[in-house]
There are 2 protein chains.
Amino acid sequence: MDLDTDHRRAPRTARAMARAELTRDIVDSARKQLGVVGPAQLSVRAVARDLGMASSAVYRYFPSRDHLLTALLESGYNELGSVVEEADSAVVDRNDHLLRWLTLGRCVRGWAVAHPYDYALLFGSPVPGYDAPQSTIQPATRVTGVLAVLLRDIAAAGPVQQPVVPAAVHRSITGMHEFIGTEVDDGLVMAGAAAWSGLIGAISLELFGHLVNAVSDHDAYFEELLHLLAPTSDRLAAH
Amino acid sequence: MDLDTDHRRAPRTARAMARAELTRDIVDSARKQLGVVGPAQLSVRAVARDLGMASSAVYRYFPSRDHLLTALLESGYNELGSVVEEADSAVVDRNDHLLRWLTLGRCVRGWAVAHPYDYALLFGSPVPGYDAPQSTIQPATRVTGVLAVLLRDIAAAGPVQQPVVPAAVHRSITGMHEFIGTEVDDGLVMAGAAAWSGLIGAISLELFGHLVNAVSDHDAYFEELLHLLAPTSDRLAAH
DNA sequence: AACAGAAGGAGAGCAGTGCTCTCGAAAACT
DNA sequence: AGTTTTCGAGAGCACTGCTCTCCTTCTGTT
């Protein structure tokens, strides 16, 4: 089972190939169900039925329903992450930080609206008694990684603000600093955190039905909100 | 009990009193379970077991599990709403709008941290195939109602900004305007929406485990974030 | 006070779930 | 070729939401 001795990633034996194929099929079928039914209602037996196999056979590939959900978590994070990464790299003017923020926000919301149950799995209430294992945190950081790079570029372009946050806050966000980079000051890190919080909150409120009687045109509303939430707004406004 | 006064709401017959009592007991037991197990795992049979009755008897009071969840939704919204209302009214200086915003935010987060599963029920991913009936939207507006009053007071105290939002946005948020009041201009309404989005997003990210490796001292971090999210920040900073 | 009818409890039962076992067959390794 | 691992299938357990029937108890009316 040791992966370090197995240099060849591609499985050679027929059985290993079949296993990889079926593992993918199971995840695909489960994600297909996620498009209809929501994470809590996702059923191992329904996946088995969809693939024409016995439900017990699925457990040869995923030892529990939670492990299957973990795979879906990874899949969703990776899909969202690659969408955001691609869109950000498509912005030609790298110094147009506002546009890059808008692109990131539009991307995340666009993907969330297109895959509401996947978004609910990623950013909604977690399944109780289940904490994400280490394998999911790496894909989860891809989309926030794009934001981190943006913050770095903002810090590199503009003048570095003095850290105006209390020492307790500075100490508390060392994890963010390690992830983003030490050249980004506390104020900008917190601005990014506020922007990210606002983005996730706005999408969650919309998708989870908290704006039904408040907002009619969600596209226009979100676009305006995105401008307000931009971490660069004060800096851009100050020029 | 004050219910025994001769208002027609008070049930007079023994059976009606027993029904009201048992209905309350069921909701209480369900909310007690919510403190441990999460909305999706909430079990009607477990409630019945807790109360020492047959599971089928519970269906005499709540025709389905979703109806029970609706009652929990109402109960949670009312509890959170009354907490926030009380805290806001305890702020003596009504013109200290920043303090009132901070109080609101601290209240919501404090309640959410104390009742994570209740918060997940209210603001997390909704149970699939279930849309909240009309009876829940009134309690749901209590906490946002406090924010609405705050925005009204800000608008009344400060100079009215010109609506700088596009016409499409103005048309889209007529629902918010009707709820908040026409004297609040578009810009302030959107600032309130952004602040509320950021608040819900920040709490959701914390409670749903998205800050595990990023933030160590959540209290200090949230306090700083709350200042950044304040809808009055630009106005206060501009004075 | 007597009685028809409504209300509510208990239990059995149905269809579904996650998950665990055993058993036999097929593939892989030696 | 023989041995060991791998994997599919099926039965089964404990649990769920929910329905149906049966029967007791309470209620409003005569």
Side-chain angles (χ1 to χ4, degrees), chain A residues 1-3 5-6 8 10-27 29-30 33-34 36-73 121 126-130, chain B residues 8 10-27 29-30 33-34 36-73 117 121 126-130:
Chain A
M1 257 308 187
D2 279 2
L3 293 175
T5 58
D6 191 3
R8 314 259 175 88
R12 291 182 293 103
T13 81
R15 191 164 245 169
M17 286 178 61
R19 180 173 186 87
E21 171 76 18
L22 240 174
T23 305
R24 246 172 302 150
D25 288 349
I26 290 173
V27 174
S29 173
Q33 279 196 33
L34 253 199
V36 193
V37 82
Q41 262 64 29
L42 191 135
S43 157
V44 178
R45 295 179 111 109
V47 171
R49 237 178 284 125
D50 183 41
L51 298 178
M53 49 167 39
S55 66
S56 57
V58 181
Y59 287 86
R60 299 283 187 195
Y61 297 84
F62 294 95
S64 82
R65 205 189 80 119
D66 283 355
H67 286 78
L68 179 55
L69 279 180
T70 300
L72 292 181
L73 226 50
L121 177 67
V127 261
Y130 166 79
Chain B
R8 302 195 61 95
R12 293 184 297 104
T13 82
R15 189 165 249 170
M17 286 179 61
R19 181 174 186 86
E21 170 78 17
L22 240 173
T23 305
R24 247 171 307 166
D25 288 350
I26 290 173
V27 174
S29 173
Q33 279 196 33
L34 253 200
V36 194
V37 84
Q41 263 65 28
L42 191 135
S43 158
V44 178
R45 295 178 110 110
V47 170
R49 235 176 285 125
D50 183 42
L51 297 178
M53 50 166 41
S55 67
S56 56
V58 180
Y59 286 86
R60 300 280 187 195
Y61 298 84
F62 294 96
S64 82
R65 204 189 82 118
D66 283 355
H67 286 78
L68 180 55
L69 279 180
T70 300
L72 292 181
L73 227 49
Y117 289 123
L121 177 68
V127 262
Y130 166 80

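From a predicted model like this one, the values you see are computed outputs, not experimental measurements. Letters go in sequence order (proteins before strands), and every chain restarts at 1.
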Engineer: Go through it in stages, so that I can follow the logic: the residues are B:Leu22 and B:Arg60, the test is side chain to side chain contact (heavy atoms under 4.5 Å, CB included), and I'd like the CA-CA distance, side-chain angles, deciding distance and then a yes or no.
Structural biologist: CA-CA 11 Å; B:Leu22 240 173; B:Arg60 300 280 187 195; over 6 Å; no
Engineer: Which nucleotide wins on minimum distance to the side chain of A:Arg15, given the candidates C:dA6, C:dC19, C:dA26?
Structural biologist: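 So the side chain of A:Arg15 is nearest to C:dA26.
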Engineer: Once you apply a heavy-atom cut-off of 4.0 Å, does A:Leu42 come out as touching a base, just sugar-phosphate, or nothing?
Structural biologist: sugar-phosphate
Engineer: Whole-Å distance between C:dG18 C1' and B:Gln41 CD?
Structural biologist: 11 Å
Engineer: OP1 or OP2 of C:dG9 less than 4.0 angstrom from a side-chain nitrogen or oxygen of B:Tyr61, does that happen here?
Structural biologist: yes
Engineer: Is there side-chain contact between A:Leu121 and A:Leu42, with at least one heavy-atom pair below 4.5 Å?
Structural biologist: no
Engineer: From CG of B:Leu68 over to P of D:dT16, roughly how many Å is that when rounded to an integer?
Structural biologist: 14 Å
Engineer: Looking at D:dG8, does its base get a donor-acceptor pair with the side chain of A:Arg60 below 3.5 Å?
Structural biologist: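 When only heavy-atom distances are counted, A:Arg60 does reach the base of D:dG8 through a donor-acceptor pair under 3.5 Å.
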Engineer: Taking all atoms of both residues into account, what is the closest heavy-atom pair of B:Val47 and B:Gln33, and its distance?
Structural biologist: N-NE2, 3.1 Å
Engineer: Nearest-nucleotide wise, let me know which of A:Ala46 and A:Pro63 is further upstream toward the 5' end of DNA chain C.
Structural biologist: A:Ala46
Engineer: Please determine whether a side-chain nitrogen or oxygen atom of B:Ser43 lies at a distance below 4.0 Å from atom OP1 or OP2 of D:dT16.
Structural biologist: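 Answer yes for this pair, as a side-chain N or O of B:Ser43 is under 4.0 Å from OP1 or OP2.
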Engineer: Can you check side chain to side chain contact (heavy atoms under 4.5 Å, CB included) on B:Asp66 and B:Leu69, steps first, answer last?
Structural biologist: CA-CA 5 Å; B:Asp66 283 355; B:Leu69 279 180; 4.2 Å; yes
Engineer: Would you indicate which nucleotide in D:dT27, C:dG11, C:dG18 comes nearest to any side-chain atom of A:Val44?
Structural biologist: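 It is C:dG18.
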Engineer: Judged by modelled atom types alone, do A:Thr70 and A:His67 share a side-chain donor-acceptor pair under 3.5 Å?
Structural biologist: no
Engineer: In whole angstrom, what separates A:Arg65's CZ from D:dC15's P?
Structural biologist: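 Answer to the nearest Å: 18 Å.
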Engineer: Which listed nucleotide (C:dT17, D:dT16, D:dG8) is nearest to the side chain of A:Arg49?
Structural biologist: C:dT17
Engineer: Expressed in angstrom and rounded to an integer, what is the separation of B:Tyr59 atom OH from C:dA7 atom C1'?
Structural biologist: 19 Å
Engineer: Is a side-chain donor or acceptor of A:Ser29 paired with a backbone partner of A:Asp25 at a separation under 3.5 angstrom?
Structural biologist: no
Engineer: Between B:Thr13 and D:dT27, does any side-chain N or O lie under 4.0 Å from OP1 or OP2?
Structural biologist: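 True: B:Thr13 side-chain N/O within range (under 4.0 Å) of D:dT27 OP1/OP2.
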Engineer: May I ask you to say what A:Ser55 touches in the nucleic acid, namely base, sugar-phosphate or nothing, with a heavy-atom cut-off under 4.0 Å?
Structural biologist: base
Engineer: Return the value, rounded to whole Å, for the distance between atom CE of B:Met17 and atom P of D:dT27.
Structural biologist: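 B:Met17 atom CE is separated from D:dT27 atom P by 11 Å.
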Engineer: Specify the separation, in whole Å, of atom CG of B:Asp50 and atom C1' of D:dT16.
Structural biologist: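 Value for this atom pair: 17 Å.
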Engineer: In whole Å, I'd like the distance from the CD atom of A:Glu21 to the P atom of D:dG8.
Structural biologist: 13 Å
Engineer: Using a heavy-atom cut-off of under 4.0 Å over every strand shown, decide if B:Ala18 touches base, sugar-phosphate, or nothing.
Structural biologist: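 Nothing, no heavy atom under 4.0 Å.
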Engineer: What is the distance from CG of B:Leu22 to P of D:dC26, rounded to the nearest Å?
Structural biologist: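 In whole Å, D:dC26 P lies 14 Å from B:Leu22 CG.
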Engineer: If you assign A:Met53 and B:Arg45 each to the DNA chain D nucleotide with the nearest heavy atom, which residue ends up on the more 5' nucleotide?
Structural biologist: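 Upstream on the strand: A:Met53.
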Engineer: Does a side-chain N or O from B:Arg19 land closer than 4.0 Å to OP1 or OP2 of C:dG8, or not?
Structural biologist: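 So the side chain of B:Arg19 is within the cut-off, an N or O lying under 4.0 Å from OP1 or OP2 of C:dG8.
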